[in-house]
Protein chains: 2
Amino acid sequence: MADGISRSGGTEHEVLAAVLQVRVGSLQVLLWQRAREPHAGRWALPGGRLRPTEDVETSIRRQLAEKVDVQQLAHVEQLAVFSAPDRVPRPPRVVATAFLGLVPCDVDPAVPADTAWHQVAELPPTAFDHGAIVLRARNRLRAKLSYTNLGFALAPRKFTVSALRALYSAALGYRVSATNLQRVLSRRGLLEPTGHTAPSGPSGGRPAALFRFTGKGLEVTDPFAVLRPPRAAKDDAGE
Amino acid sequence: MADGISRSGGTEHEVLAAVLQVRVGSLQVLLWQRAREPHAGRWALPGGRLRPTEDVETSIRRQLAEKVDVQQLAHVEQLAVFSAPDRVPRPPRVVATAFLGLVPCDVDPAVPADTAWHQVAELPPTAFDHGAIVLRARNRLRAKLSYTNLGFALAPRKFTVSALRALYSAALGYRVSATNLQRVLSRRGLLEPTGHTAPSGPSGGRPAALFRFTGKGLEVTDPFAVLRPPRAAKDDAGE
DNA sequence: CGGGTTTTCGACTTAGGATCGAAAACATGG
DNA sequence: CCATGTTTTCGATCCTAAGTCGAAAACCCG
């Protein structure tokens, strides 16, 4: 049976990350343009091969911090394994562990010359199966925005409700009501007023109050009822 | 940068599955007892090494169908990658893609002599990191029972509401109300009466109506509101 | 046919999301 | 300095859906 201890070889393992950020009102992903074959000229996700002494989480963080200057990732989580035998054209066969990474919208990390942000809704030609990975990342983000407080990873430390509304709208792809957003997040105990206000815009208007997310880690905000243990129990739930 | 095309070697890839089933009122997992070192005598998850021509989904299905007789899996999904460098004691290093498998409670697949079901709540000594994988699988199941119709994978094709209640209770680990369960699932359009009734038990009582799950695939049943696109949009959402 | 048992269904309560509109707070121009 | 326009904020209301309870229905048995 499964022994987990023997030799076959021929299978490489790489880690990839779809790093998402809301920029100028749209959800974008960090891609770099391949110079060499295969798929020269196409756009690929940052990442690289797994080293013998690191686990996949450590590896993707190293690759992102090292090759692309992205220290300020607010969140990183496993997405899925992509393992179609022909996902890279030539041998050796490469299995990829894909990650979702999120960057707050108030930073603009320096990136190498071959690297750029692209709208998720309008991807350039992508290398290998990276296009599919980006879509999976977007879907995961959208789902989790609804039932977790993952939004904190897209927002600056302090923000106005309307700025947050713009973030959610961009990530989700449809309009959201600022009123409702604030009330929902507040009642879940995720939103907290800082007491300060932002300067009002060039066309006047009431100055907006600044909020921050409360440090609640990454909790599932009450998935459903069906049967709720009176008021307790909440393991990782995770992905 | 990440090329995904070059050689390093030394990293194996295996697939593992935590196959869960509700048996005699408790959530159990399929394990086999290792005969050889390392970890001889401890209990391990079914699985094995990834072959060069198959993806991980294909591989885990093959291994389960081949080595342990489990054709009737109602559901299989990726769980996570486990990649701690020392997760298996001796080199070569082995990265594992773990799966969650679900078996309806009305079947009792034949298993080899070294294989048995164990209560998830009371695991025997497990090999490698397999204990942690089982817990992750249980948590994933619990979370998804709330906001998807994953319950269908634990239930027989036809069932009574009280049987379904027992299933949910066992899987979730706390009592659930039959009344509410039926109403919630019905309103979500997941439950459908067959028109038939089950024979009443030995102590009498009103005969229970038989239900079945409607074939709605594996949908996320309205995660949250925050902002709902009027009534549409629902990609994979996935994990 | 009455007592015990289990299921089923309706009614009510409670919680939380969706919507709307008025009031508050600021800037600008006359 | 006031009227106007703009943006945010907050309360009030509506509505959907989950949580709870209890009575009625449907069966068995003696």
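Quick note: numbers below take in every heavy atom, side chains included, and nothing from hydrogens, waters or symmetry partners. Everything numeric in this text was worked out from a predicted model, so none of it was measured. Each chain gets a letter, A, B and so on, in the order the sequences are listed, and its residues count up from 1.
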Length of the [atom1]-[atom2] vector between [X] and [N], whole Å:
{"X": "A:Leu191", "N": "D:dC10", "atom1": "CG", "atom2": "P", "result": "11 Å"}
{"X": "A:Phe159", "N": "D:dT8", "atom1": "CZ", "atom2": "P", "result": "14 Å"}
{"X": "B:Leu181", "N": "C:dC9", "atom1": "CG", "atom2": "P", "result": "14 Å"}
{"X": "A:Arg165", "N": "D:dT8", "atom1": "CZ", "atom2": "P", "result": "9 Å"}
{"X": "B:Leu185", "N": "D:dA17", "atom1": "CG", "atom2": "P", "result": "14 Å"}
{"X": "A:Tyr168", "N": "C:dA18", "atom1": "OH", "atom2": "P", "result": "13 Å"}
{"X": "B:Tyr174", "N": "D:dG19", "atom1": "OH", "atom2": "C1'", "result": "13 Å"}
{"X": "A:Leu210", "N": "D:dT8", "atom1": "CG", "atom2": "P", "result": "12 Å"}

### Task
Report yes if at least one side-chain N or O of A:Asn180 is closer than 4.0 Å to OP1 or OP2 of C:dG17; otherwise report no.
no
Practice prompt. Verify the contact: side-chain N or O of A:Gln182 to OP1 or OP2 of D:dC10, cut-off strictly under 4.0 Å; return yes or no.
Written response: yes
#### Entry: Aromatic ring proximity, centroids under 6.0 angstrom, A:His118 and A:Trp43
yes
Margin query: For B:Phe159 and B:Phe213, I'd like to know if the aromatic rings sit close, meaning centre-to-centre distance below 6.0 Å.
Written below: yes
With B for base contact, S for sugar-phosphate-only contact and - for none (protein heavy atoms under 4.0 Å), nucleotides 25-30 of chain C reads BBS---
Next item on the list: Measure the shortest side-chain to side-chain distance between B:Arg138 and B:Leu27 over non-hydrogen atoms and say whether it is less than 4.5 angstrom.
Entry: yes
_Side chain proximity check, B:Arg140 to B:Leu79, heavy atoms < 4.5 angstrom_ = yes
Q) For A:Glu57 and A:Ser59, does a side-chain donor sit closer than 3.5 Å to a side-chain acceptor? A) no
Using the side chain to side chain donor-acceptor pair (under 3.5 Å) rule, take A:Arg183 and A:Asn180 through it: C-alpha gap first, then chi angles, then the decisive distance, then the call. CA-CA 5 Å; A:Arg183 208 172 37 71; A:Asn180 203 31; 2.7 Å; yes
Which of C:dG17, C:dT7, D:dC21 is nearest the side chain of B:Thr179? It is D:dC21
Considering only heavy side-chain atoms of B:Ala208, the closest of C:dT7, D:dT8, D:dT20 is C:dT7
- Item | Sugar-phosphate only, base, or nothing, as touched by A:Arg187 at under 4.0 Å among non-hydrogen atoms | base
Residues passing the salt bridge (Lys or Arg N to Asp or Glu O under 4.0 Å) test with A:Arg212, sequence neighbours excluded, are A:Glu192
Nearest-nucleotide check on DNA chain C, A:Arg183 vs B:Thr160; residue mapping nearer the 5' end is B:Thr160
